[in-house]
Number of protein chains: 2
Amino acid sequence: MDTTQRTDQQRTADRRRRELLEAADRVVLRDGPQASMNAIAAEAGITKPILYRHFGDKGGLYAALAKRHTDALLDSLRAALDAPAERRERVESTLDTYLAAIEARPQVYRFLMHPAEGSSGSDQGFDVGKHSAPLLRRMGEELAQVIEDRLDLGPGSQQLARVWGHGIVGMMHAAGDWWLGERPCSRAELVRSLADLLWGRLAAAGDRVGGPGF
Amino acid sequence: MDTTQRTDQQRTADRRRRELLEAADRVVLRDGPQASMNAIAAEAGITKPILYRHFGDKGGLYAALAKRHTDALLDSLRAALDAPAERRERVESTLDTYLAAIEARPQVYRFLMHPAEGSSGSDQGFDVGKHSAPLLRRMGEELAQVIEDRLDLGPGSQQLARVWGHGIVGMMHAAGDWWLGERPCSRAELVRSLADLLWGRLAAAGDRVGGPGF
DNA sequence: CCAGCGATGTTACTAGCGGTAACGCGAGTG
DNA sequence: CACTCGCGTTACCGCTAGTAACATCGCTGG
């Protein structure tokens, strides 16, 4: 019947959608997370209502846009995480992959982490965490899965793995954010320091009791 | 001359300022981080221009407001961090203090973490990290200081301490954010799991090679 | 051949935001 | 009495997200 028709329409619609997303990408890359719908529409050579017809509202566009980058980054991370190597090497490689990504395109990274938390002010309850980057959540969950699959953690392993997944991702994120702003050392050094932290050097370090002047 | 007069004026101005901040506090507690200047002015029983005369712009008000809470939270954390106890106990106590704080007042916590990154769109360069919570930065720096003062980390200790400070704070933050949203376990369990992570259980865990079905 | 319909696109608008200019007003001072 | 000065207001600007209403093209059916 009209299935061929509909698929045709859908195909062109999808192409438009992809074009719009690419335009939005360019604008975000240029203007950062506060890119306006007007600017995106202008970049795409059209006007606002079309954007709204395609994506519903700003949150929809941002979600679609974020999904692409998030998926791409997660693919890279999975590759590093699943490599056939020693655990420490895998961890360092994963950290380095993430840091290299945020170093290469900080604007995109900023957008992913702070996707214009607007949404709708209706639900102002205890929804802490809805915003603040679905990317972090997804990375945390994926890492948790890998940890649980690969490591033998004894009883309560699932819960422990999830805590660790989110915790490690947060560590990586915060350290990366700070490092990107101050650049106090090379990427390799940062990776090494973080891996050292995860490897328990904090607990193993000796107390400093006889410090000079103290 | 007019010194006494000016101090008098300054005193009343400071009182007004405090009143306004308390009103803003109430609104933020009710509406979350997207509290509008109009709403805050209305809560204080005045109108917008007065707010602007006192705080310059929205960023100024938010900064003043954030400073109060940040200082308060940092004081609690310092107390837990500097307690005369075993290192593990201190770490757990600090984690618990932080988590208890965000659990008690999630709206305030959200405000501190995402202080309406607007500012002015002028400087759209590579300023990643300017936003995204000065609170996290301050906590990271303070923790770094404590780590460096208390622990003997050998050469490169300062840099290592800073990486760890920011990394641990990020771990705590992300895990807390996730936990607050899903409540998958008790606070005490979360604290224990995070401390275990910092104590190197990740590195010490055995590989899971003979899993059932795999 | 032409009526109609649906998708694509436009202009023009609303509501609300941050921020500001211009004015009103009461208190103290020469 | 006039004059200034700080507190407070109303009324506005420019911007944003989001929408309603209108125009237009291409395609299908009688």
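The sequence lines fix the lettering, A, B, ..., with proteins before strands; numbering per chain opens at 1.
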Let's see if you can work this out: which of [options] has an atom nearest to the side-chain heavy atoms of [X]?
X	options	value
B:Ile46	D:dT9, C:dG18, D:dT16	D:dT9
B:Arg53	D:dG8, D:dT19, C:dT8	D:dG8
A:Pro49	C:dG19, C:dC17, C:dT11	C:dT11
B:Lys58	C:dG19, C:dG9, D:dA17	C:dG19
B:Tyr52	C:dG18, D:dT9, C:dT11	C:dG18

Can you measure [X] atom [atom1] to [N] atom [atom2] for me and round it to whole angstrom units?
X	N	atom1	atom2	answer
A:Asp14	C:dA7	CG	C1'	15 Å
A:Leu61	D:dT16	CG	P	15 Å
B:Glu19	D:dG8	CD	C1'	15 Å
A:Gln34	D:dA17	CD	P	11 Å
B:Met37	D:dC12	CE	P	22 Å
B:Ile50	C:dA22	CD1	P	19 Å
A:Leu51	D:dT19	CG	P	13 Å
B:Asn38	D:dA11	CG	P	14 Å

Problem set entry | Closest-nucleotide ordering on DNA chain C, the 5'-leading residue of A:Lys48 and A:His54 | A:His54
Exercise. Within 45° of the six-membered ring axis of B:Trp179 and under 6.0 Å from that ring's centre, is NZ or CZ of B:Arg187 located there?
Worked result: no
For this session: Would you kindly check if the NZ (Lys) or CZ (Arg) of A:Arg162 is within the cone defined by 45 degrees around the ring axis of A:Trp164 and under 6.0 Å from the six-membered ring centre?
Result: no
Seminar exercise, completed: Under a 4.0 Å heavy-atom cutoff, the residues of residues 22-29 of chain B touching DNA chain D are none
Problem set entry | Proximity of B:Phe55 and B:Tyr62 rings by center, below 6.0 Å | no
Exercise. Base, sugar-phosphate, or nothing: which does B:Thr47 touch, judged by heavy atoms less than 4.0 Å apart?
Worked result: base
For this session: Indicate, with a heavy-atom threshold strictly under 4.0 Å, whether A:Arg16 touches base, sugar-phosphate, or nothing.
Result: sugar-phosphate
Exercise. Does A:Arg137 come within less than 4.0 Å of B:Asp177, counting only side-chain N to carboxylate O?
Worked result: yes
Problem set entry | SB check A:Arg78 A:Asp75 (cutoff 4.0 Å) | yes
Exercise. Within the side chain of B:Thr70, is there an N or O that forms a donor-acceptor pair under 3.5 Å with the backbone of B:Ala66?
Worked result: yes
For this session: Take the angle between the ring planes of A:His166 and B:Trp178 and call it parallel below 30°, perpendicular above 60°, tilted in between.
Result: parallel
